[in-house]
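Fair warning: this is a prediction, and the values are worked out from it, not measured in the lab. Hydrogens, waters and symmetry mates are skipped; everything else that's a heavy atom, side chains included, is used.
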Amino acid sequence: MATLVQDEAVLGGSLEVGGRTLTSRLIVGTGKYPNYPTMAACLDASGTEVVTVAVRRERLIDAEGKSLLEFVDTDRYTILPNTAGCFSADDAVRVARLGREILDQLDNPGKDWVKLEVLGDKKTLLPDPVGTLEATKELVADGFKVLCYSSDDPIMALRIKEAGAASVMPAGSPIGSGQGVLNPHAIALILELLKEGDADYPVIVDAGVGTASDVSIAFELGADGVLLNTGIAHAKDPLRMAHAMRHATAAGRLAYLSGRIGKKKYANASSPWEGVIGYIPGE
């Protein structure tokens, strides 16, 4: 595979989240892979520094008696424990504290982080806004750096930031749906509201990524990072898709920093009309 542009200056510098400095703006999940070796290869290919792990899955052992953490280099990756599968604030807080205990034993720098998910129902997996806000406040008070999964509602995103979240993570579309960024206008509004007077506040698009172009679109809108899982894990060729997501991260970020041209109703010729040979309609 071709070497990816890694120059921080070209990519606009590193990403600061919850007191940590990241050079990769892609966060990758660890679920749904056909096996752990494939997962480990995809994490490497994606270029990520942060991998998110469902805390409840940490207690599960596969048919061969192997644990997921045997295939995640905890000296290389920061583990971002998540509260996936929690449908109440109380459950999410309990799971977050369990994740902190596990990572404290591993001495991993992610031990004070949590990707907070408080879900509304099993069908949509959309966040419960009331429970999400309650859990955010409690976890922040307990010293956690909360990276908070949210809907694409700009006002809800603002309330989560005001509650002390280290990052707001609006959904591009429902979890695992592969529909990409369904409402780019809402994501743009969230970026505008959350970065007003606080340009470095990190906004990370989470959920719904189906392919590389979805990643690029999120970055072209101005997102600081993207979190994804199923888009790689359920691809026909997960390893190739992991490479694609890595390149899409750089492409989208570079396009955002470069500034796209404005959209126009009519065509705009690349060459001047002077000296054109032959008839020009309308002239």
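Note that CG of Asn229 and CE of Met39 are 10.5 Å apart. Values are rounded to the nearest 0.5 Å. Taking CD1 of Ile175 as the start and CG of Leu119 as the end, the distance is 5.5 Å to the nearest 0.5 Å. A distance of 5.5 Å separates NZ in Lys115 from CG in Asn82, rounded to the nearest 0.5 Å. Taking CD1 from Ile232 and NE2 from His243, the interatomic distance works out to 10.0 Å, rounded to the nearest 0.5 Å. To the nearest 0.5 Å, the span separating CG on Asp128 from SG on Cys86 amounts to 12.0 Å. Here Ser46 contributes atom OG and His247 contributes atom NE2; the two are 11.5 Å apart, rounded to the nearest 0.5 Å.
One hydrophobic cluster, built from ILVMFWY side chains closer than 4.5 Å, holds both Val205 and Leu158. Taken together through direct or relayed side-chain contacts under 4.5 Å among Ile, Leu, Val, Met, Phe, Trp and Tyr, Val140 and Leu116 form part of one hydrophobic cluster. Residues Phe219 and Val209 share a hydrophobic cluster, clusters being chains of Ile/Leu/Val/Met/Phe/Trp/Tyr side chains in contact below 4.5 Å. If you chain together hydrophobic residues whose side chains sit under 4.5 Å apart, Tyr256 and Leu194 never meet in one group. Both Val114 and Val93 are members of a single hydrophobic cluster when ILVMFWY side chains are connected at heavy-atom separations under 4.5 Å.
A distance-only check finds a donor-acceptor pair linking the side chain of Thr48 to the backbone of Leu26 [under 3.5 Å]. No side-chain donor-acceptor contact under 3.5 Å links Thr38 to the backbone of Pro34. At distances below 3.5 Å, at least one donor-acceptor pair connects side-chain atoms of Arg25 with backbone N or O atoms of Ser14. One N or O on the side chain of Thr83 and one on the backbone of Glu117 form a donor-acceptor pair closer than 3.5 Å. A donor-acceptor pair under 3.5 Å is absent between the side-chain atoms of Ser177 and the main chain of Ser173, judged by distance alone. Panel note: side chain Asp224, backbone Val203; a donor-acceptor pair is recorded below 3.5 Å.
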Item to check | Test side chain to side chain contact (heavy atoms under 4.5 Å, CB included) applied to Val118 and Ser88, step by step | outcome: CA-CA 6 Å; Val118 181; Ser88 73; 5.5 Å; no

Checklist entry - Would Phe87 and Lys122 count as a side chain to side chain contact (heavy atoms under 4.5 Å, CB included) if you check the C-alpha gap in whole Å, the side-chain angles of each, and the deciding distance to 0.1 Å? => result CA-CA 9 Å; Phe87 292 88; Lys122 287 180 68 177; 3.7 Å; yes

Next on the checklist: For Thr211 and Asp214: C-alpha separation, side-chain torsions, deciding distance, then whether side chain to side chain donor-acceptor pair (under 3.5 Å) applies.
Outcome noted: CA-CA 6 Å; Thr211 188; Asp214 298 334; 6.0 Å; no

Item to check | Stepwise side chain to side chain contact (heavy atoms under 4.5 Å, CB included) check, Arg159 with Ile155 | outcome: CA-CA 6 Å; Arg159 296 292 177 262; Ile155 301 305; 4.1 Å; yes

Item to check | Candidate pair Phe144 and Arg97, rule side chain to side chain contact (heavy atoms under 4.5 Å, CB included), full reasoning | outcome: CA-CA 9 Å; Phe144 280 93; Arg97 289 170 176 160; 4.1 Å; yes

Next on the checklist: If you apply the rule side chain to side chain donor-acceptor pair (under 3.5 Å), what do you find for Thr74 with Asn108, and how did you get there?
Outcome noted: CA-CA 6 Å; Thr74 54; Asn108 187 272; 5.0 Å; no

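Evaluation of the salt bridge (Lys or Arg N to Asp or Glu O under 4.0 Å) rule for Glu220 yields no partner, not counting sequence neighbours.
Here the closest heavy-atom approach between residue Pro109 and residue Arg20 is recorded as CB-NH1, 3.1 Å. For Ser216 against Ala251, the heavy-atom pair with the smallest separation is OG-CB, 4.2 Å. Taking both residues in full, the closest heavy atoms of Ser151 and Ile190 are given as O-CD1, 4.3 Å, listed atom of the first, atom of the second, then distance. Nearest heavy-atom pair, Cys42 versus Ala242, reported as atom, atom and distance to 0.1 Å: O-CB, 3.5 Å. Closest approach of Val55 and Pro81 over heavy atoms only: CG2-CB, 3.6 Å. Nearest heavy atom pair, residue Asp206 against residue Tyr149, reads OD2-CD1, 3.4 Å.
Side-chain contact between Pro174 and Leu125 is absent, with no heavy-atom pair separated by less than 4.5 Å. Counting heavy atoms from C-beta on, the side chains of Val72 and Ile79 come closer than 4.5 Å. Residues Pro184 and Ile187 are not in side-chain contact: their nearest non-hydrogen atoms beyond the backbone lie 4.5 Å or more apart. Counting heavy atoms from C-beta outward, Leu43 and Phe71 have side chains that stay 4.5 Å or more apart. Contact check for Glu134 versus Asp90: no side-chain heavy atoms found under the 4.5 Å cut-off.
For the side-chain contact (heavy atoms from CB on, under 4.5 Å) criterion with Tyr77, the lone passing option out of Asp44, Val28, Thr30 is Asp44.
Using a cutoff of 4.0 Å between basic side-chain nitrogens and carboxylate oxygens, Arg76 and Asp73 are not scored as salt-bridged. No salt bridge links Asp142 with Lys137; every basic N to acidic carboxylate O contact stays at or beyond 4.0 Å. Salt bridge status for Arg94 with Asp91: present, with a side-chain N to carboxylate O gap under 4.0 Å. Between Lys111 and Asp104, at least one side-chain nitrogen of the basic residue sits less than 4.0 Å from a carboxylate oxygen of the acidic one, meeting the salt-bridge criterion.
Side-chain contacts under 4.5 Å among hydrophobic residues (ILVMFWY), followed directly or transitively, place Leu227 together with Leu15, Val17, Leu22, Ile27, Val50, Leu80, Trp113, Leu147, Met169, Ile204.
Crowding of Glu192 atom CD: a count of heavy atoms from other residues, nucleotides or ligands under 6.0 Å not exceeding 12.
Judged purely by distance below 3.5 Å, without hydrogens or angles, the side chains of Glu49 and Thr78 never pair a donor atom with an acceptor atom.
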